[in-house]
Asker: 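For reference, the structure I am asking about is given below.
When reading the values below, keep in mind they use all heavy atoms of this one structure, side chains included, and skip hydrogens, waters and symmetry mates. Ligands are counted one by one from 1 in listed order, and the atoms in each one are counted from 1 as well.
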Amino acid sequence: MNSDLIHQFTNAPIHQLLGLYIHIPFCSAICNYCNFNRGLFDADLKARYVEALVNEITRAGAAGQAGQARSDVGDGLQTVPAAADTIYFGGGTPSLLEPEEIARIIGACTSAFNVAANREVTMEANPESVTEARLEAYRRAGVNRLSFGVQSFRNDELRRLSRLHSADRARAAFGEARAAGFDNVSLDLMMWLPEQRVSEWLESVDAAIALAPDHLSLYMLEVYPNAPLKEDMARARWSQAPDEDAAAMYVEAMERLEAAGLDQYEISNVAKPGRRSRHNLKYWIDGDWLGFGCGAHSTRDGVRWKNISSTPDYLDRIAAGGSPAMDVRRLTPDERLGDALFTGLRLVDGIDSNAIQSRYGVDVWRRFGADLEPFIEAGCLRRDGTRLSLTRQGMLLAHEVMTVFV
Ligand code: SF4
């Protein structure tokens with residue numbers, strides 16, 4: 001039942017090219033703040049997982065082509081696999097996979113889907129798990145964009161987060177990526193860390209700028225109630241800076257990054273011209289994507305589903321020839337509209353009311369104008385012709401503004 005609904009929509013009309021997300025749930029150690037779907041690395045489990053991924057991707061492509069063939073019978077159209085233009089290896093720590101394994105998975109994607117020649121293929125990597133030779137092998141395997149989980153360029157902060165790398169290892173990894181031929185490298189940094197002052201955060205921002213990355217993602221640390229970090233903080237009496245300092249961290253960082261030629265294009269992301277993440281943009285421009293692996297989410301033409309989270313359960317389902325998908329459901333028109341507005345507002349360019357009108361038949365101003373007006377008056381939202389976008393100040397209150405839509 002679930003898989004029928006999915007397969008019916010893997011060949012839905014294409015608004016834009018698909019993104020393919022591949023989840024790799026293995027890490028060398030578990031960081032004290034982490035809330036992702038991951039577990040400790042195990043070589044046997046990893047080998048079985050790669051097999052299962054290849055299997056899942058191949059089946060999705062075959063199911064899509066079969067569906068297309070059926071629906072094309074009356075039209076005399078050619079059978080074509082669904083088209084995609086990005087592949088994204090996220091985790092966990094995808095750089096724990098061998099380059100040959102990454103190559104196999106990319107090969108499965110290009111066999112199952114019609115993947116554009118100018119594809120963007122991103123791999124998340126942790127600084128401690130790479131060498132120049134290994135990175136070069138990933139590039140030969142087909143990866144053309146790296147995203148390093150650096151988080152901080154201060155060793156005391158990295159230790160508090162129980163990260164395995166040092167600031168020097170992060171710098172070295174970045175240099176190795178360049179030496180290996182990567183001309184599209186992104187870094188992740190986290191702000192509002194325990195005991196971090198504004199000046200210390202800006203040290204990390206400046207250190208990142210000094211490396212001249214092509215893209216940066218900046219996240220605020222969220223301390224989850226059951227995260228070991230919460231206990232570590234209580235035991236060591238670490239605290240986070242006051243809210244106004246967190247706001248200053250964000251605003252000052254964005255100003256420094258823009259001065260360095262890294263333009264903000266989304267609440268948490270900046271990039272050099274032409275280096276925006278094509279894959280992640282699909283999440284914000286109301287696009288479609290298919291996720292593979294345990295816990296991966298998919299959205300295709302108004303149908304959304306999530307794969308089973310547990311790695312062993314995922315392996316069992318694939319081995320039994322079943323679908324790993326759960327919670328498959330068709331979004332209501334209001335949910336689709338709400339999602340398009342909610343995610344679109346994350347972009348600096350905001351949302352275009354004409355595009356919303358033509359896709360969903362809804363006049364944004366008529367439906368939400370009264371609720372949006374106070375935010376415009378407070379300087380959090382900007383209305384410019386048909387566009388509605390958050391101001392930088394508004395980005396700090398984004399969640400409150402976005403609740404208007406959901
Ligand atoms: S490396 Fe990333 S995914 Fe793995 S435990 Fe740390 S934060 Fe979580």
Asker: Give every residue pair that meets the side chain to side chain donor-acceptor pair (under 3.5 Å) criterion with at least one member in residues 387-400, sequence neighbours excluded.
Answerer: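 Sorted pair list: E258-R392, Q264-R392, R382-S389.
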Asker: Less than 4.0 Å between a side-chain N and a carboxylate O, is that true for D183 and R139?
Answerer: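 Salt bridge between R139 and D183, a charged N being under 4.0 Å from a carboxylate O: no.
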Asker: Centre-to-centre under 6.0 Å for Y21 and F89, is that the case here?
Answerer: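 Ring-ring flag for Y21/F89: false, centres at least 6.0 Å apart.
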Asker: Could you tell me whether K306 and D327 have a side-chain N and a carboxylate O separated by less than 4.0 Å?
Answerer: no
Asker: Are any of the side-chain nitrogens in K272 or D214 under 4.0 Å away from the carboxylate oxygens of its partner?
Answerer: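 Looking at K272 and D214, the cut-off is met.
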Asker: Which atoms of ligand 1 are found less than 4.0 Å from any heavy atom of G92?
Answerer: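 Contacts of ligand 1 toward G92, numbered from 1: 3 (S).
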Asker: Are E101 and K46 within salt-bridge range, i.e. N to O under 4.0 Å?
Answerer: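 Yes.
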Asker: For atom 6 (Fe) of ligand 1, check which protein N, O or S atoms are under 2.8 Å away and list them.
Answerer: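 Atoms qualifying: C31 SG.
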